[in-house]
Amino acid sequence: MAKVLVVTSGKGGVGKTTTTAALGATLAQMGEKVVVVDFDVGLRNLDLVLGAERRVVFDFINVVQGIANLSQALIRDKRLENLWLLPASQTRDKDALTEEGVGKIIAELRTKFDWIICDSPAGIERGAMLAMRFADEAVVVTNPEVSSVRDSDRIIGMLDSKTVKAEKGEQVQKHLLITRFDTARAARGEMLSIEDVLDILATPLLGIIPESQDVLRASNVGAPVTLNDADCPPSRAYIDAARRLMGETVPMMVPTARKGLMDRLLGRRAA
Amino acid sequence: MMSLRLFGGRAAPAPPPRSAPVARERLQILLAHERGLRGQPDLLDLLRSEILAVVSRHVTIDPEKLNIRMERGSDVSMLEIDIEVPNVADRRSVAVA
């Protein structure tokens, strides 16, 4: 049965789009049929991170308005035949996205895909509300930092009250993904620890993605980090997280500080 | 840290105090407060519409001029209701005229 998964956070810049691309690609590699949907109207970026920016012809709102049908707007990934993208509109009015329109498209996607992964815009406005509205599950992306944790708490509250599932008296299954985790700083007590964040947000942990240059490198060339280098630390963490989403039990690897000479001299990795 | 100085680095500063425990404590206090406020707008909306209904039975008021605020303190909370009532005599005479 199709699952609608929203990747959300409240705060911007924490790694929602990176996460959507990495989880989408990994699930597709595992044989699942996946569509990643960009909800960030006016500020689309998922196409860029996936390297599909020059192949966008029609977008989500074109489909809502009946200018294009869904199959015309869906872009198939060039590397993974099971991965598809539904891009957000870049220019149009944000209000063009209606609950009814989104509901219709999600319902149609449910008949075609195993996973519908919705990349939420930052904030708690209309776009973010619509991205989570029809979700069955949610990945709450959090950095171990006060403002991100606070915003995640707010988003968790909204997942529990403003979604279709919540209104039916059911629960959106929530997963916490801690991203940009800097082990060295956490060890020095400069960054909230995993335990602190879990304790405060009381949401099951899906994974810990270490802060890494590999993420930037992958987005520079337009590839999900897991496709660009499946062996780098963030990719391994994302692959484990995807396996957990599939119901596998995978031991949680807490990233350990690297012990390179430069790291010891500098005391930290470049941010 | 000596090595840094040998390589011409700045003098090693004293290690900064651990700030994560402060972050944790501030968050815990803040979120306990914010979670308490959740659902609050619904209560205020309800109060607002009921107060409006009661007052409107006796006085003509502009719904826009009714302000309700709830302030939560640690011991007591304060509910502040502010209703602007227009000069009734004037309003009536205009209506009759």
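A note on names: the letters A, B, ... follow the listed sequences, proteins ahead of strands, and every chain is numbered from 1.
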Could you tell me whether [X] atom [atom1] has more than 12 heavy atoms of other residues or ligands within 6.0 Å of it?
| X | atom1 | answer |
| --- | --- | --- |
| B:Glu25 | CD | no |
| A:Met252 | CE | yes |
| A:Glu167 | CD | yes |

How close do [X] and [Y] get, counting heavy atoms only, and between which atoms?
| X | Y | answer |
| --- | --- | --- |
| A:Gly189 | B:Pro21 | O-CD, 4.2 Å |
| B:Ala23 | A:Leu192 | CB-CD2, 3.9 Å |
| B:Arg18 | A:Arg188 | CG-O, 3.6 Å |

How long is the straight-line distance from CG of A:Asp199 back to CG of B:Leu27, given to the nearest 0.5 Å?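 Reported to 0.5 Å precision, the distance equals 11.0 Å.
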
Looking only at heavy atoms, which of residues 148-156 of chain A get nearer than 4.5 Å to chain B? A:Val149, A:Arg150, A:Asp153, A:Arg154

Minimum side-chain heavy-atom gap A:Val146-B:Leu30 below 4.5 Å: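 When only atoms from C-beta onward are counted, B:Leu30 and A:Val146 do not touch, as no gap falls below 4.5 Å.
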
List in chain and number order the residues that pass side chain to side chain donor-acceptor pair (under 3.5 Å) with B:Glu84, two or more places apart in sequence or in another chain; answer none if no residue qualifies. none

